[in-house]
Amino acid sequence: MGRGLLLPHAKRLMLFPRPRGFSASAASTREPLHVCVVGSGPAGFYTAEKMLKAHEGVQVDIIDRLPTPFGLVRSGVAPDHPETKIVVNQFSRVAANARCSFFGNVTLGSDVSLAELRGTYDVVVLAYGAESDRSFGIPGENLRGIHSAREFVWWYNGHPDMHNLVPDLQNTDSAVVLGQGNVALDVARILLRCTTKLASTDIAGHALDALKSSTIRKVYLVGRRGPVQAACTAKELREILGLQNVHVCIKEGDLATSPADKEEMRNSRIKRRVHELLSKAATMHKEKNSNDQKELHFVFFRKPTRFLPSEGGSTVGAVELEKTLLKDDAVTGNQVAVGTGEFEDLKCGLVLKSIGYKSLPTEGLPFDNYKGVVPNLRGRVLSSESETTTVEAGLYVVGWLKRGPTGIVATNLHCAEETVCT
Ligand code: NAP
């Protein structure tokens, strides 16, 4: 359904302008309750599903700025992970519910304001996620050839905003991915994976064509901390370490563990598993196999300090990295990376910054700029107006906008449950 449908529809809903919550106490009543969910990704659809089940009288309208639903499942999940996308079948059943409507091409902030939505619906749930990126704030970050991983992911998934990205995959043999979370592993894998395998996925046609003629042979995955602190999970790491015809390079010295590392591993099965997998790969890949056409380098204990242009150009030619070591942070209790004052340049023609997504505020919405989330109590938006903390009547938040940009698709199920039950 397209733009323009919302407003007549919204007028009809003005019959029920009284703001209310959708707490469990209201569950199973047949009293009409009109809810608008902003954002049609996993957080939005799980919320709609939970509300439809909890309240027989609820009518849920889901709006999205894109013409198509499913948000991150459509544009964030890697094309070679079809099993993660199966959840759209469940979301389609929610959309087919007679008490649920989807309105695409409706942008909060320009087509409709938050104040208008709150005046129209009993309840507004914000589920529009994190559509921007954290940045380093270091010199050279605007050079050509430097993209956020989100932009690259949107590009290969055919997101309309990144149709014109055109990452240059043909004038260099080296790409640097900054960050070692699962998104970093996704983009590295897409750069390294054999394109005949990618061809059978739902990767965007323009991306497949570009990857087929890519000259990139070496991908460097750079982390500011060590292998014990790598933010990826074991399943995703195992997958990239097992790519065919890819030689994996890990410095054995980087795998040494300090007492603090051992303590971290004792407390986390994932960390133990990640360290085990990296150690095994370091041993297995000592010799280069004659079939290995590409290389994956894990670079630990390095933080970027500057992006350097290629000779005489405005395109990136290298990343200056500072060696780091780990120190205990008394406040957080974590091991943090501190610079040693020793620098080295890593040559490359493409950089993908994969250091986390960032949510954006909208007018009239309390927003914690430091944490990049909407202040909330189990999903109820907290007011920033008064001295004492109060909740904003009828305004809720869910997903990455509520808890920050972490977690898998299923994490949003529990997150939605909490918001709906509040
Ligand atoms: P992430 O897991 O938070 O990883 C961010 C990475 O960036 C970390 O390695 C972090 O290192 C690094 N970083 C952050 N700030 C930095 C800085 N200033 N300088 C250098 N490095 C910096 O984020 P993500 O990879 O974007 O993933 C987001 C969420 O989606 C995660 O929960 C992830 O598991 C999930 N996801 C899951 C899948 C899957 O299950 N297949 C796929 C994609 C995404 P530090 O640890 O040192 O901060």
Side-chain angles (χ1 to χ4, degrees), residues 41-43 71-87 129-138 141 146-154 156-157 176-190 220-240 261 264 268 270-271 274 278 298-307 319-327 329 332 334-339 346 351-359 371-373 399-401 403-412 414-415:
L72 196 88
V73 183
R74 188 186 287 269
S75 58
V77 174
D80 55 348
H81 283 173
E83 67 287 351
T84 311
K85 297 189 188 219
I86 285 173
V87 73
E131 293 209 315
S132 185
D133 316 290
R134 288 188 191 137
S135 64
F136 286 104
I138 57 175
E141 206 160 346
I146 303 176
H147 310 281
S148 73
R150 176 190 58 84
E151 291 169 332
F152 190 69
V153 169
W154 281 13
Y156 62 60
N157 277 327
V176 167
V177 180
L178 297 169
Q180 294 180 330
N182 282 332
V183 172
L185 262 54
D186 275 351
V187 297
R189 193 180 66 251
I190 295 295
Y220 295 86
L221 265 171
V222 180
R224 61 180 166 180
R225 299 193 285 160
V228 174
Q229 293 77 29
C232 57
T233 46
K235 180 166 168 271
E236 285 64 32
L237 180 61
R238 199 180 307 111
E239 183 181 14
I240 197 167
D261 289 335
E264 277 193 50
S268 159
I270 294 180
K271 285 180 190 293
V274 164
L278 289 167
F298 283 83
V299 180
F300 295 106
F301 304 109
R302 300 286 186 280
K303 67 169 181 173
T305 41
R306 231 169 9 139
F307 297 102
V319 187
E320 182 191 75
L321 298 171
E322 183 177 10
K323 292 186 187 173
T324 64
L325 47 82
L326 299 186
K327 283 219 166 128
D329 182 70
T332 61
N334 294 331
Q335 297 198 74
V336 294
V338 290
L346 181 55
V351 173
L352 300 175
K353 296 180 291 175
S354 186
I355 57 169
Y357 287 54
K358 194 171 95 179
S359 291
K371 292 185 183 156
V373 296
W400 281 6
L401 192 58
R403 50 172 218 278
T406 57
I408 58 172
V409 169
T411 314
N412 292 294
H414 308 290
C415 186

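Ligands are counted one by one from 1 in listed order, and the atoms in each one are counted from 1 as well.
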Shortest protein contact, atom 9 (O) of ligand 1 (heavy atom only): Gln180 N, 3.0 Å

Salt bridge Lys353-Glu141, side-chain N to carboxylate O under 4.0 Å: yes

Contact with ligand 1 for Pro405, non-hydrogen, under 4.0 angstrom: yes

Cationic N near anionic O, under 4.0 Å, Glu322 to Arg302: no

Main-chain N/O of Val177 paired to Ser354 side chain as donor or acceptor, under 3.5 Å: no

Side-chain donor or acceptor of Asn182 paired with backbone N/O of Thr233 under 3.5 Å: yes

Asn412 side chain vs Cys415 backbone, donor-acceptor pair below 3.5 Å: no

Atoms in ligand 1 flagged as close to Asn182, the criterion being non-hydrogen separation under 4.0 Å: 25 (O), 33 (C), 34 (O), 36 (N), 37 (C), 38 (C), 42 (C), 43 (C), 44 (C)

Test item: Glu264 side-chain N/O and Lys271 main-chain N/O as donor-acceptor pair under 3.5 Å: no

Ligand 1 contacted by Arg224 (non-hydrogen, < 4.0 Å): yes

Protein heavy atom at shortest distance from atom 23 (O) of ligand 1: Gly356 CA, 4.4 Å

Atoms of ligand 1 close to Asp186 [distance to a heavy atom under 4.0 angstrom, numbered from 1]: 42 (C), 43 (C)

Cationic N near anionic O, under 4.0 Å, Asp133 to Lys358: no

Atom 30 (O) of ligand 1 [closest protein heavy-atom partner, distance rounded to 0.1 Å]: Gly407 O, 3.6 Å

Shortest protein heavy-atom distance from atom 46 (O) of ligand 1, along with the residue and atom involved: Arg225 NH2, 2.9 Å

Atoms of ligand 1 close to Ala231 [distance to a heavy atom under 4.0 angstrom, numbered from 1]: 2 (O), 4 (O), 8 (C), 9 (O)

Heavy-atom donor-acceptor pair, Arg403 side chain to Thr406 backbone, under 3.5 Å: yes

Identity and separation of the nearest protein heavy atom to atom 6 (C) of ligand 1: Ser354 O, 3.7 Å

Test item: protein heavy atom less than 4.0 Å from atom 3 (O) of ligand 1: no

Atom indices of ligand 1 within 4.0 angstrom of Phe136 heavy atoms, with elements: 17 (C), 19 (N), 20 (C)

Glu239 side chain to His81 side chain, donor-acceptor N/O pair below 3.5 angstrom: yes

Geometric N/O contact Glu236 with ligand 1, under 3.5 angstrom: yes

Sidechain-backbone polar pair: Arg225 side chain, Gln335 backbone, donor-acceptor under 3.5 Å: yes

Atom 24 (P) of ligand 1 - nearest protein heavy atom and its distance: Val183 CG2, 3.6 Å

Under 4.0 Å to a heavy atom of Thr406 - the qualifying atoms of ligand 1, by number: 29 (C), 32 (O)

Shortest reach to atom 12 (C) of ligand 1 by a heavy atom, considering only Ile408, Thr84, Ile355: Ile355

